[in-house]
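A short write-up of the structure that comes next.
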Amino acid sequence: MTINKFQGRTREEAVDKAKKEMGEAVVIMNVKEIKPKGLFRALKSTTYEVTAALEEKEQTVNPLPALHAPLKMHDSINFAANEKIEIPAPEPAAIHPESSHDLEEKIESLSNLLEKKLKPEKEEEPKEEEKPEKETDAPKDMKHQQSETFRCIRMIYETLLDNEVNERYVNQILDDVEKNLRGSASMDIILSNVYQKMVLKFGQPQKIELVPGQPKIVFFIGPTGVGKTTTIAKVASRFKVDYGKKVAFLTADTYRIAAAEQLRTYANILDTPLTVIYSSEEMNAAIERVKDYDLVLVDTAGFSYKNEDQRKDMRNLIESLDDKYEKDVYLVLSATTKYRDLMEIVDKYHEISDYKIIFTKLDETSSYGSLLNIRMYSGADVSYVTTGQNVPDDIEIFQSQKIVKQLLGGR
């Protein structure tokens with residue numbers, strides 16, 4: 001894994017520098033605002049620093065010396081531990097390689113807790129002099145370190161399961177981490193590798209990017225009751241109020257009587273045009289009337305993912321858009337939905353269109369494992385999350401570092 005830092009006058013400029021040097025596949029792992037210091041700080045402007053990572057085909061870390069016959073790290077661990085693992089949140093910090101001081105600070109509280117959890121178990125181990133000398137050819141300290149490694153991996157395993165990360169993906173992450181470790185490793189190295197691997201699994205959020213000279217058409221699709229209309233209002237408010245862009249609304253949700261009226265209320269508040277379309281044939285004519293706008297947000301009908309006829313109507317609506325317009329499709333999902341249902345939903349909506357994901361209602365759950373599960377199951381980018389009903393405040397670009405810390409037990 002290659003990790004570099006880039007600075008710019010704005011967040012976007014720093015990110016662009018990272019993408020130009022490291023490629024579009026780069027993952028922005030941390031963004032830090034650097035405020036000027038010194039006597040003349042009032043005359044200087046704020047800059048931004050991003051930490052960017054690129055996962056290579058073969059990753060290497062700084063492992064401890066390997067044993068002569070390395071063991072698979074968690075084959076011999078009893079993952080049925082019944083103790084509850086609670087790991088406090090690490091302090092926010094930039095992400096750097098394992099030897100980085102900032103990364104050590106980020107995982108310091110995790111390491112401290114693990115040491116406390118390991119201490120009672122270490123005291124119960126037989127004394128070295130009571131063990132037969134022929135038991136192992138490995139150095140005693142290396143054997144002891146390997147035992148701590150096993151227990152550290154077990155605790156991480158249990159913590160991720162407690163946060164509803166699917167066992168299949170927990171094993172996949174730990175297997176990926178293990179490939180970079182030879183023999184025993186310190187807790188800091190294990191934690192930093194798990195943390196970095198999970199951030200890279202989430203990838204880079206794909207936010208709405210406008211197109212110069214023509215409107216960007218953004219469709220919002222998803223089941224009933226996930227908060228599509230409210231999410232559209234939040235996005236519209238951000239682009240119009242914060243960025244000064246011209247925004248228009250279209251709604252194809254004619255199934256619910258109050259749907260168009262709810263969006264019309266938001267349109268009146270934002271002084272934004274709203275058009276109701278009743279069939280896919282009306283799509284391009286409606287967009288032509290707002291062709292001078294920067295962003296057109298299209299609300300669609302929520303329906304059961306099991307309704308084949310409505311899925312077909314939705315696909316026709318999206319495909320009817322003229323090719324001269326650039327479009328994005330966002331599947332809106334609730335973080336409170338069961339993982340099994342989420343899998344069926346993302347599969348059925350893949351029949352309609354490729355999409356990026358917006359997760360809503362993060363404020364209504366304390367377990368965020370479904371975000372990682374669906375990211376790894378569907379391969380779709382998690383781009384935005386919402387954390388309440390307030391417009392426009394309760395929406396933000398997805399921050400993988402924040403969610404990963406919570407999945408590892410932080411709050």
Side-chain angles (χ1 to χ4, degrees), residues 8-17 19-20 24 28 31 48 204-222 227-253 259-260 262-277 280 282-300 314 317-332 353-358 360 380-386 390-398:
R9 291 172 295 180
T10 64
R11 181 190 303 258
E12 290 74 18
E13 181 180 322
V15 171
D16 287 342
K17 287 182 179 180
K19 289 182 178 180
K20 287 179 181 178
E24 290 295 327
I28 305 302
V31 179
Y48 290 85
Q204 181 71 9
Q206 300 299 311
K207 61 183 181 179
I208 298 172
E209 300 285 356
L210 300 184
V211 182
Q214 67 176 24
K216 179 68 168 286
I217 317 301
V218 182
F219 293 86
F220 292 80
I221 62 176
K228 289 191 300 295
T229 304
T230 305
T231 300
I232 289 174
K234 294 173 182 176
V235 172
S237 298
R238 284 294 175 90
F239 274 90
K240 179 159 187 177
V241 177
D242 295 350
Y243 309 140
K245 302 301 181 180
K246 297 176 65 177
V247 181
F249 289 141
L250 265 66
T251 180
D253 188 357
Q262 181 185 5
L263 194 59
R264 191 179 303 279
T265 299
Y266 290 127
N268 291 337
I269 294 172
L270 294 171
D271 191 22
T272 296
L274 168 66
T275 302
V276 180
I277 55 178
S280 58
E282 300 177 24
M283 168 67 69
N284 292 303
I287 293 178
E288 182 67 21
R289 291 193 289 270
V290 291
K291 64 180 179 180
D292 294 330
Y293 280 66
D294 301 300
L295 181 63
V296 179
L297 305 176
V298 184
D299 194 8
T300 62
M314 183 72 64
L317 177 70
I318 295 173
E319 291 178 351
S320 69
L321 181 67
D322 196 305
D323 290 339
K324 69 180 180 180
Y325 298 114
E326 185 174 329
K327 71 172 182 286
D328 280 341
V329 179
Y330 285 90
L331 174 62
V332 183
S353 174
D354 291 333
Y355 52 74
K356 308 174 186 71
I357 293 175
I358 297 175
T360 62
D381 296 310
V382 181
S383 298
Y384 295 91
V385 295
T386 72
N390 294 325
V391 178
D393 297 329
D394 295 337
I395 187 170
E396 60 186 50
I397 298 173
F398 175 71

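Position 1 is the first residue of the sequence; numbering continues from there. The shown structure was predicted, so the numbers you read here are calculated from the model rather than taken from an experiment. Scope of the values below: all heavy atoms of this structure, side chains included, with no hydrogens, waters or symmetry mates.
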* Structure fact -> salt bridge (charged side-chain N to carboxylate O under 4.0 Å, His left out) filter on Glu326, not counting sequence neighbours, yields Lys216
* Can you tell me how far the CD1 atom of Ile397 sits from the CD1 atom of Ile358, to the nearest 0.5 Å? -> 11.0 Å
* **Between CG on residue Asn284 and OH on residue Tyr325, distance to nearest 0.5 Å** => 6.5 Å
* **CD1 on Ile221 to OG1 on Thr300, rounded to 0.5 Å** => 6.5 Å
* **salt bridge (charged side-chain N to carboxylate O under 4.0 Å, His left out) involving Lys327 - partner list, sequence neighbours excluded** => none
* Could you tell me whether Asp328 and Lys356 make a salt bridge, using a distance below 4.0 angstrom between a side-chain N and a carboxylate O? => yes
* To do: With sequence neighbours left out, write down each residue that passes ring-ring contact (aromatic ring centres under 6.0 Å, His included) with Phe249, or none if nothing qualifies.
  => none
* With side chains defined as the heavy atoms from C-beta onward, is the minimum distance between Phe220 and Val298 less than 4.5 Å? -> no
* Structure fact -> Note: Val247 and Pro273 closest approach over all heavy atoms is O-CD, 3.7 Å
* Asked: Would you say the side chain of Leu250 lies within less than 4.5 Å of the side chain of Met283, judging by non-hydrogen atoms?
  -> yes
* **Partners passing ring-ring contact (aromatic ring centres under 6.0 Å, His included) against Phe239 (at least two apart in sequence or in another chain)** => Tyr243
* Asked: Taking the side chain as C-beta and beyond, is there a heavy-atom pair between Ile269 and Val391 under 4.5 Å?
  -> no
* Could you check if a side-chain atom of Val235 sits within less than 4.5 angstrom of a side-chain atom of Val218, using non-hydrogen atoms only? => no
* Asked: Got Leu263 and Leu274 here, is their nearest side-chain heavy-atom distance under 4.5 Å?
  -> yes
* To do: Count the heavy atoms belonging to other residues, nucleotides or ligands that lie under 6.0 Å from CG of Asp354, then report whether that count exceeds 12.
  => no
* Structure fact -> So OH of Tyr293 and NZ of Lys291: to nearest 0.5 Å the spacing works out to 13.5 Å
* Between Thr360 and Thr386, what is the shortest heavy-atom contact and its length? -> CA-OG1, 3.1 Å
* Asked: What pairs with Lys20 under salt bridge (charged side-chain N to carboxylate O under 4.0 Å, His left out), at least two apart in sequence or on another chain?
  -> none
* To do: Please identify each residue that fulfils salt bridge (charged side-chain N to carboxylate O under 4.0 Å, His left out) with Asp271, with sequence neighbours left out.
  => none
* Separation of Gln206 CD from Asp381 CG (nearest 0.5 Å) -> 4.5 Å
* To the nearest 0.5 Å, tell me how far Thr251 OG1 sits from Arg264 CZ. => 9.5 Å
